[in-house]
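Below is one structure; the comments refer to it alone.
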2 protein chains.
Amino acid sequence: MTDNAVPPSTRAYESLRSAVLHGDFRPGQPLKPQELASSQGVSLAVVRESLLRLVGEGLAERLPNRGFVVPEAGDARWQVIAEARAAVEPTMLRMSIARGDLEWETRVRAAHHRLARTPTYDNETDAHYSDAWATAHHEFHRALLDACGNDVLLDTFERFWTASELSRRWSAAESPGRDAVAEHLRLEQLALTREGDAAAEALVAHLGMTAANLAKAGRKS
Amino acid sequence: MTDNAVPPSTRAYESLRSAVLHGDFRPGQPLKPQELASSQGVSLAVVRESLLRLVGEGLAERLPNRGFVVPEAGDARWQVIAEARAAVEPTMLRMSIARGDLEWETRVRAAHHRLARTPTYDNETDAHYSDAWATAHHEFHRALLDACGNDVLLDTFERFWTASELSRRWSAAESPGRDAVAEHLRLEQLALTREGDAAAEALVAHLGMTAANLAKAGRKS
DNA sequence: CTAGCGGGGATAATCGATTATTGCTAGCGT
DNA sequence: ACGCTAGCAATAATCGATTATCCCCGCTAG
């Protein structure tokens, strides 16, 4: 039969994770086990397990004997995460470009196509971009780095990405003037033509960093 | 004030973590909640919490409905982690060297001094290096990167380090011919003289990687 | 003799209740 | 009036027991 077999624990975890990422809770706001348990119809134990998992992912913070809260997020935090991504992802992109095969090229093209054809906003009223676009955006960036051949680095990418999504949700970092579409197109093309150095530079620029900011980060703003 | 106030949960977690890192459990071996609970005199819930925390740290793996096991570790895994470290840490070292102040220099010197004066092995019979040396080794590498000014990257370093320690424990990766002492000394000196590029190269070499291995990643000259 | 099919034991997951800790507040003493 | 301390309510942490799931093994049919 339709063995949907999704354990309560997983359901609660995914629901809570999605809620945090969607911004249903403000940074610093306590995640009260009681409310979550009753609102989801599960016991405290599974809520606790969900929270522990979120902590492992960086989507919740634990204050011993004082419960769990949503971690800090905002402009400053986003800057830190962007710098971290700019420190790691260019190297991964070079590795991916050097190692990627035809399968990889195909995935990159497919991911870019979906991203380019997915509307950023569901409708005019939404302040934040749509889930579909966020997924496509994630998939495209993931595809670019996919062929780096190192799952530890890919895990790190995923970790940075979720942290980045949370912080962007609570920051005004949406530079409205930027032409993200053109930047993604350029990234795709440089990847497919195997121009590692140029692609790495384009990625740093895409992250809103200048190369100077990074490698020789002498001065701080 | 005998207020030692270490909650059972934390005690169990630390104990289990230490046991895994010391190699008391073989990779792939199930971590049985029952045994751990009775051996530590706590309930299943706190063992479960400890295991969830370990999962978040990468020191345990969860097989749904089949419990928890120690993750794979060995030569191959160690190589992957070393490559990841070689992809990330040189950039962090450059940032640290660019941004570090006198306080940082002092910490680096202190950490190197302790490392250099700590015997690697407690006694001749031990197959693995001592806890004191492992701590000093960790502290030295951490100190080198400490001033990079990005806590997200530092968290990533810590994550890589623990994974690295676990894998090294189960691999024969101890290249006996290597002169780790000289390599650490060189790293300290290049850091203190602020030679970022040379230090980054020395770090890659210290990790047992050749620059070519990284698909010429991290080259920023 | 082999492949498929339950039965039974082990163990992971979940629950409801109990215990410990925290932050607040009212009361006391100076 | 002010600061300090003991009591109180809220809630985090822990526990013991119950329920659900998986895996192994013996059985039976072909």
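In the text below, chain A, chain B and the rest are named by the order of the sequence lines, each starting its count at 1.
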Polar atoms only, N or O, under 3.5 Å: list the protein pairs with nucleotides 19-21 of chain D and their distances.
none

Atom pairs under 3.5 Å: protein N/O with N/O of nucleotides 5-10 of chain D:
none

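Every residue two or more places apart in sequence or in another chain that forms a side chain to side chain contact (heavy atoms under 4.5 Å, CB included) with A:E105 is listed here: A:L102, A:L192, A:R194. Judged as a side chain to side chain contact (heavy atoms under 4.5 Å, CB included), and not counting sequence neighbours, the contacts of B:P33 are B:L44, B:V47, B:L51. By the side chain to side chain contact (heavy atoms under 4.5 Å, CB included) test, A:P8 is found to be paired with A:V42, residues two or more places apart in sequence or in another chain being considered. In this structure B:V152 satisfies the side chain to side chain contact (heavy atoms under 4.5 Å, CB included) test together with A:R77, A:V80, A:I81, A:A84, A:F160, B:N150, sequence neighbours excluded. With sequence neighbours excluded, the residues that form a side chain to side chain donor-acceptor pair (under 3.5 Å) with A:R48 are B:E49.
Crowding of A:R109 atom CZ: a count of heavy atoms from other residues, nucleotides or ligands under 6.0 Å not exceeding 12.
Bounding nucleotides for the chain A contact on DNA chain C, 5' to 3', at a heavy-atom distance below 4.0 Å, are C:dT14 to C:dG23.
Residue A:R66 has no polar side-chain atom (N or O) positioned under 4.0 Å from OP1 or OP2 of D:dT11.
Nearest heavy atoms, B:A147 versus B:S96: N-OG, 3.0 Å. When all heavy atoms of B:R53 and B:S9 are compared, the closest pair comes out as NH2-OG, 3.4 Å.
Between the OG1 atom of A:T120 and the OH atom of A:Y129 there is a distance of 10.5 Å, given to the nearest 0.5 Å.
Of the two residues near DNA chain D, B:P64 and B:S9, the one whose nearest nucleotide lies more 5' is B:S9. Nearest-nucleotide positions on DNA chain C place B:L31 closer to the 5' end than the other of B:L31 and A:G41.
As a whole-Å value, the separation of A:L63 CG from D:dT11 P is 15 Å.
For the segment residues 42-53 of chain B, residues with any heavy atom less than 4.0 angstrom from an atom of DNA chain C are, sorted by number, B:R48.
Sorted by first then second residue, the ring pair (Phe, Tyr, Trp, His ring centres under 6.0 Å) pairs that include residues 90-120 of chain B, not counting sequence neighbours, are B:H112-B:F140. For residues 13-48 of chain A, no residue pair satisfies the ring pair (Phe, Tyr, Trp, His ring centres under 6.0 Å) rule, not counting sequence neighbours. Applying the side chain to side chain donor-acceptor pair (under 3.5 Å) test to residues at least two apart or on different chains, the pairs with a partner in residues 29-45 of chain B are B:S15-B:Q40.
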_salt bridge (charged side-chain N to carboxylate O under 4.0 Å, His left out) between A:E139 and A:R142, worked out_ = CA-CA 5 Å; A:E139 283 307 313; A:R142 163 76 190 213; over 6 Å; no
